[in-house]
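Right, one structure below, let's go through it.
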Amino acid sequence: MKTKNMSELLNIGQLTLDLHASNNTVRSAKTIYYDALDRHEGKYGRDPERINPRDPKHAAVIAATKVEYEQYQAAKRFSYNIQRRLSTRCRRFAW
């Protein structure tokens with residue numbers, strides 16, 4: 001096997017491990033966000049509607065969970081970017 005191919009396979013393997021770790025981070029961030037929602041609902045009661053950012057009734061819950069939500073979204077973006085890089089590397093390697 002050529003050195004270039006071996007190096008590319010190692011890069012793909014590393015991206016695979018990074019993707020696995022980032023998926024675990026996403027699951028953890030999602031749990032933290034849902035826990036923050038549960039804490040807020042435990043204090044102020046549960047709203048039967050889905051959270052709508054355009055609805056003024058939901059401003060309090062959005063403000064209370066803003067940090068956790070932003071961390072969750074950042075983790076999802078990071079994981080998606082790794083997945084995209086891995087897909088690109090695999091496509092290039094296959095050619």
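All figures in this text were calculated on a predicted structure; none of them were measured in a lab.
Across Phe93 and Ile12, no two heavy atoms sit closer than the pair CB-CD1, 3.9 Å. When every heavy atom of Ala75 is checked against every heavy atom of Thr25, the shortest pair comes out as CB-CG2, 4.3 Å. Of all heavy-atom pairs between Arg89 and Leu15, the closest is CG-CD1, 3.6 Å. Residues Ile62 and Pro53 come closest through the heavy atom pair CD1-CA, 3.4 Å. Contact record, Glu68 with Tyr33: CB-CA, 3.9 Å, taken as the closest heavy-atom pair. The two residues Glu41 and Arg46 make their nearest non-hydrogen contact at OE1-NH1, 2.8 Å.
The existence of a salt bridge linking Arg92 and Glu8 is excluded, since no basic side-chain nitrogen approaches an acidic carboxylate oxygen closer than 4.0 Å.
With a 4.5 Å cut-off on side-chain heavy atoms, Ile51 and Leu37 count as touching.
Distance check: Leu19 CG to Gln14 CD gives 11.5 Å after rounding to the nearest 0.5 Å. The distance from atom CG of Asn24 to atom OG of Ser79, rounded to the nearest 0.5 Å, is 9.5 Å. Here the NZ atom belonging to Lys43 is positioned 13.5 Å from the CG atom belonging to Asp38, to the nearest 0.5 angstrom.
Within 6.0 Å of the OH atom in Tyr69, the count of heavy atoms belonging to other residues, nucleotides or ligands does not exceed 12.
With Tyr80 as the aromatic partner, Lys76 does not meet the cation-pi criteria of under 6.0 angstrom to the ring centre and within 45 degrees of the ring axis.
Hydrophobic clustering places Leu9 together with Leu86 (ILVMFWY residues linked when any side-chain heavy atoms are closer than 4.5 Å, directly or through intermediates). Linking Ile, Leu, Val, Met, Phe, Trp and Tyr whenever their side-chain heavy atoms come within less than 4.5 Å leaves Val67 and Phe78 in two separate clusters. Criterion: ILVMFWY side-chain heavy atoms under 4.5 Å apart, direct or through other members. Under it, Ile82 and Val26 are not part of a common hydrophobic cluster.
The only member of Glu70, Arg77, Gln71 that meets side-chain contact (heavy atoms from CB on, under 4.5 Å) when paired with Gln73 is Arg77.
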Stepwise, does the side chain to side chain contact (heavy atoms under 4.5 Å, CB included) test hold for Glu49 with Asp55?
CA-CA 10 Å; Glu49 299 175 18; Asp55 191 347; 3.8 Å; yes

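Side-chain polar atoms of Arg91 and Ser87 form a donor-acceptor pair below 3.5 angstrom.
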